[in-house]
Amino acid sequence: GGGGECKGTPGQRPNISDNSDGVMNRVEYVQVGVTSPHCLGLLPASSHKPRKVVVADQQGVVTCFGIKKREPSLVFKTLPMAKISRLELVKEKIFVAANTEVHGLSKKGKTFFSISTFMSEPINSMQVREQHLYLAGDYVFSHYFESKDQNFYLAGDRINDLLCSSISQEVPGQAHSPSGSSSVLPVLACSDSSLRIIEGSELLLRIELSDAPLCLTNMPAAGSVGGGVLYGTNRGAFGLAQLARGSAQIDWELGVGEQRGAVQCIHSCDVTADGTPDVVLGRDDGSVEVYACPDGDAPEQVYSTRVMAAVTSVAVGKVSSLSHDEVVVATFAGHVLGLNPEQQALGQPRDGHDGRVARVQQELGELEQQLMEQRAAARPADAAILLPEIAVNDKFELDREDASYVLTIETPASLELVLLQSDVPVDILDMAENSAVVSFSPSTQENPLLATFRCQPGVTRMQIKIRSIEGQYGTLRLYITPSTLPKMAQLRTFQIKALSLHQRINGSLSSDRPTNDLVLHGGFTFADMHSWVAFCLPDVPTKVPGGESESASFLFQSSFLGTQLECTYRRGEAVFRSDNVSTISILKDVMTKEATSRKIPLEINFDLNEASMQHTLALVHPLLEHQLLLSKKVELIDALKEMSSQEEASQQFLAPEYRAILDNAEELLAEFKQQPFQLERLYGIVTDLYIDRFKFKGQNVQGRVQALVELLDNYSYPTLVEFFLA
């Protein structure tokens, strides 16, 4: 979100640090339609007046308002256009991207500029610099100068955001020379966990990050804080990168490895009034956080709150008063609110205020009832009902911590009913955040899973955690029914991949891993093989990288075992290497089925590495051992509790490991509740590994599986290895 220039001097105005515990008052401003990320901005202040807020929604309406006498005052509101996906402010000019068009509005709401770009994709990201217009769709980047197409670049993966930044000629981290120069170049945040610096129509530099960046902003240099490019990632981390023409440096990165809400918007401004820029970010779980950057060190959180919906934009400036800056927030549901450091909140009820609000709400309810009655009377009994489409914000993401998927859905209206149907077996796991009442229907061959979630009143966002089984792939369908009239359901579909628990990573396959190789030759095109790889694995770009003569290479890692898979392919040839033979077996089965359905003959060559069996078993061993040790600990809990209740002092004489069991009893019981799923999954991995090993040798060992299961029930790692190698 663009907030414009924001400067401050310590001690001149109220700020977060003036309030105890960083408390800020929340003020509701206006309600607009559903908003996309980066669709909020603040116009520059004029004539010693507070700044105006500009917000655009997916209904194509641009709304501008200010605060007068502690109440929102409308400046202008445009007529609807196409869905607005981006808003940028340049001084007092407002630019919005709607589908493939860009429109410029004055501060009074008058259109002074329009261009139809004829891009092959809708515009998702935009930057405006004087006569330069930088645009990005899903994969395409375009540069226009004076409304004429100048440069074009096709990214190798989805573009999540676009930023114009000053790129230095010097090496990051070195002292700047007086003669050092820099140039403003576009930076693309891409889903392959990278930043791409573009010069003209060519890639200048690619910088690998720990996760996929979703949003970018420039951080100005001030005092001991060096400037750079701030980025927020899909898994909740954020960091500061120093970019130069030939190299890059990550100054700091926070939240790596933590599974938090995705950072959808990030902004830099001196909120704490200490003379250095702070970091303000908004997450898709509704969190708004402010981080201070003391003495140029890594940021420290000074404020955090949670609003009612996913945060799509943040901006900082003097909106309600000239005495202080406040954080302005836009949410997915269209709420625009302010976080105000004043001790007395804006909009505080005045005399008679509550009574007037109650009367208005009552009148509104009566008018809605009259409208429904008039609509029912005017519509013939046999007339078709035109149902409006409900905006749904959904995400189906792999949780790397426990190798499960988290399905998140959010709607502007309250959720009433959510029905989940799957044509492949999946398990639904408990989530503390999910307060819905769930009921299951008996499973059938067509519907292995059919579950209904009845939501609590007022709930607009919910999460469902599911666990899939690799090798079993299909479709997950979600029927969403909000509490609106007339009753209707919205369908969302998600693909469960054959290797669903794998995640794409940067780098190359570790040389110390014993790998099994699968080589395919045949009459398939590069696009054919790319579609098959995308069908099997997550995080693969939907568009074919490069041209027909090009090749592609991806590296994946199992979030459960840590085994790796390398995919390299081109027209007529594909090579897959993995240290887990079951991964190769699943790929072979799916590829063969897809090629057969398209009548494409395949020549299959396989190289089995016997050392990979013990390597994979060594990765399974600590997981199996942990589950078996968990069972023993849970068996002791009741006895230890009874012993400690009979004599309080007896706990002092317990061995440290027994005291630890008592102290962590609740956590152990909660984990034990999920143990049947974990043991079943681990047993399945071991038995599949055994079957797949002999399948590639042309032997059927189904008759020995029962003996293997009995061995696992009385688990011993040396015995298991001996059984495999026999």
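What you see is a predicted model, and the numbers here were worked out from it, not measured in a lab. Numbers for residues simply follow the sequence, beginning at 1.
A side-chain donor from one of Glu253 and Tyr231 sits under 3.5 Å from a side-chain acceptor of the other. A donor-acceptor contact closer than 3.5 angstrom links the side chains of Gln463 and Thr408. Looking at Tyr683 and Asp713, their side chains do bring a donor and an acceptor atom within 3.5 Å of each other.
Counting only distance, with no hydrogens or angles, the side chain of Ser585 and the backbone of Val581 share no donor-acceptor pair below 3.5 Å. Judged purely by atom type and a 3.5 angstrom limit, Ser194 has no side-chain atom pairing as donor or acceptor with the backbone of Glu208. Under a 3.5 Å cut-off, the side chain of Ser287 and the backbone N or O of Arg283 do not form any donor-acceptor pair. Between the Ser500 side chain and the Ile496 main chain, no donor and acceptor come within less than 3.5 Å of each other. The main-chain N or O of Arg235 is found under 3.5 Å from a side-chain atom of Asp211 such that the two form a donor-acceptor pair. Remark: side-chain polar atoms of Glu410 are paired, donor with acceptor, to backbone N or O of Ala310 under 3.5 angstrom. Between the side chain of Asp161 and the main chain of Leu216, a donor-acceptor pair closer than 3.5 Å is present. Judged by distance alone, the side chain of Asn609 and the main-chain N or O of Ala611 form a donor-acceptor pair under 3.5 Å. Judged by distance alone, with hydrogens and angles left aside, the side-chain atoms of Ser559 form no donor-acceptor pair with the main-chain N or O of Ala403 at under 3.5 Å.
Ion pairing between Asp589 and Lys695 holds under the 4.0 Å rule for side-chain N and carboxylate O. Under 4.0 Å is where a charged nitrogen must lie from a carboxylate oxygen, and between Arg158 and Asp192 no such pair does. Remark: Asp285 does not engage Arg260 in a salt bridge, criterion side-chain N to carboxylate O under 4.0 Å. A salt bridge links Glu610 with Arg693: the closest approach of a Lys/Arg side-chain nitrogen to an acidic carboxylate oxygen falls below 4.0 angstrom. The pair Arg196-Asp157 fails the salt-bridge criterion, with no side-chain N (NZ, NE, NH1 or NH2) lying under 4.0 Å from an Asp/Glu carboxylate O. Under 4.0 Å is where a charged nitrogen must lie from a carboxylate oxygen, and between Glu573 and Arg571 no such pair does. Between Asp579 and Arg513, at least one side-chain nitrogen of the basic residue sits less than 4.0 Å from a carboxylate oxygen of the acidic one, meeting the salt-bridge criterion.
The two atoms that bring Cys536 and Met591 nearest to each other are SG-CE, 4.4 Å, heavy atoms only. The shortest non-hydrogen separation linking Ile466 to Ser404 is O-CB, 3.3 Å. Cys215 approaches Val263 most closely through the heavy-atom pair SG-O, 3.3 Å. Across Ala212 and Ser191, no two heavy atoms sit closer than the pair CB-O, 3.6 Å. Residue Tyr479 comes nearest to Arg477 through the heavy atom pair OH-CD, 3.8 Å, listed as atom of the first residue, atom of the second, then distance. When all heavy atoms of Ser36 and Thr312 are compared, the pair lying nearest together is O-CB, 3.7 Å.
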Criterion side-chain hydrogen bond (donor to acceptor under 3.5 Å, both in side chains) on Gln421 and Asn447, from CA distance to verdict: CA-CA 7 Å; Gln421 183 264 333; Asn447 289 316; 2.5 Å; yes
Criterion side chain to side chain contact (heavy atoms under 4.5 Å, CB included) on Leu254 and Phe238, from CA distance to verdict: CA-CA 6 Å; Leu254 295 185; Phe238 65 101; 3.8 Å; yes
Derivation and outcome, side chain to side chain contact (heavy atoms under 4.5 Å, CB included), residues Leu520 and Glu603: CA-CA 6 Å; Leu520 304 178; Glu603 178 188 335; over 6 Å; no
Steps toward side-chain hydrogen bond (donor to acceptor under 3.5 Å, both in side chains) verdict (Asn234, Glu397): CA-CA 10 Å; Asn234 186 47; Glu397 288 280 338; 3.1 Å; yes
Pair Ile250-Leu209, side chain to side chain contact (heavy atoms under 4.5 Å, CB included): steps then yes or no: CA-CA 9 Å; Ile250 306 300; Leu209 303 177; 3.8 Å; yes
Salt bridge (charged side-chain N to carboxylate O under 4.0 Å, His left out) between Lys543 and Glu121, intermediate numbers included: CA-CA 12 Å; Lys543 286 205 172 185; Glu121 302 169 341; 3.1 Å; yes
Criterion salt bridge (charged side-chain N to carboxylate O under 4.0 Å, His left out) on Arg681 and Asp427, from CA distance to verdict: CA-CA 11 Å; Arg681 174 188 272 193; Asp427 297 323; over 6 Å; no
Criterion side chain to side chain contact (heavy atoms under 4.5 Å, CB included) on Tyr717 and Glu722, from CA distance to verdict: CA-CA 9 Å; Tyr717 178 66; Glu722 184 180 343; over 6 Å; no
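Side chains of Lys497 and Leu537 form no contact here, defined as non-hydrogen atoms less than 4.5 Å apart. The closest side-chain heavy-atom distance from Phe576 to Thr568 is not below 4.5 Å. Taking 4.5 Å as the limit, every side-chain heavy atom of Leu449 sits out of range of all side-chain heavy atoms of Ser443. Side-chain contact between Arg461 and Ile409: absent, with no pair of heavy atoms (C-beta onward) separated by less than 4.5 Å. With a 4.5 Å cut-off on side-chain heavy atoms, Ile159 and Asp138 do not count as touching. Side-chain contact check for Leu555 versus Arg504: every heavy-atom pair is 4.5 Å or farther apart. Side-chain atoms of Thr452 and Leu417, non-hydrogen and from C-beta on, do get closer than 4.5 Å to each other. Taking 4.5 Å as the limit, every side-chain heavy atom of Ser551 sits out of range of all side-chain heavy atoms of Tyr569.
Within a 6.0 Å radius of CD in Gln301, other residues, nucleotides and ligands contribute more than 12 heavy atoms. No more than 12 heavy-atom neighbours from other residues, nucleotides or ligands sit within 6.0 angstrom of CZ on Arg454. Taking a 6.0 Å sphere around NZ of Lys697, one finds it holds more than 12 heavy atoms contributed by other residues, nucleotides or ligands. The 12-atom threshold is not exceeded at CD of Gln614, counting heavy atoms of other residues, nucleotides or ligands nearer than 6.0 Å.
To the nearest 0.5 Å, the span separating CG on Leu419 from OG1 on Thr481 amounts to 8.0 Å. Atom CG of Leu501 sits about 10.0 Å away from atom OG1 of Thr563, to the nearest 0.5 Å.
A cation-pi contact links Arg704 to Phe723, judged by a cut-off of 6.0 Å to the six-membered ring centre and 45° from its axis.
Taking the ring centroids of Tyr473 and Phe535, they lie under the 6.0 Å cut-off. Residues Tyr405 and Phe494 place their aromatic rings such that the two centres sit no closer than 6.0 Å.
When the options Val426, Leu450, Ile428 are evaluated for a side-chain contact (heavy atoms from CB on, under 4.5 Å) with Leu420, the one that passes is Ile428. Exactly one of Arg577, Gln557, His502 qualifies for a side chain to side chain donor-acceptor pair (under 3.5 Å) with Gln564. That residue is Gln557. Applying the side-chain contact (heavy atoms from CB on, under 4.5 Å) test between Asn580 and each of Thr515, Leu561, Asn516 identifies Leu561 as the sole match.
Using a 30° and 60° split on the angle between ring planes, Tyr690 and Phe724 fall in the perpendicular class, above 60°.
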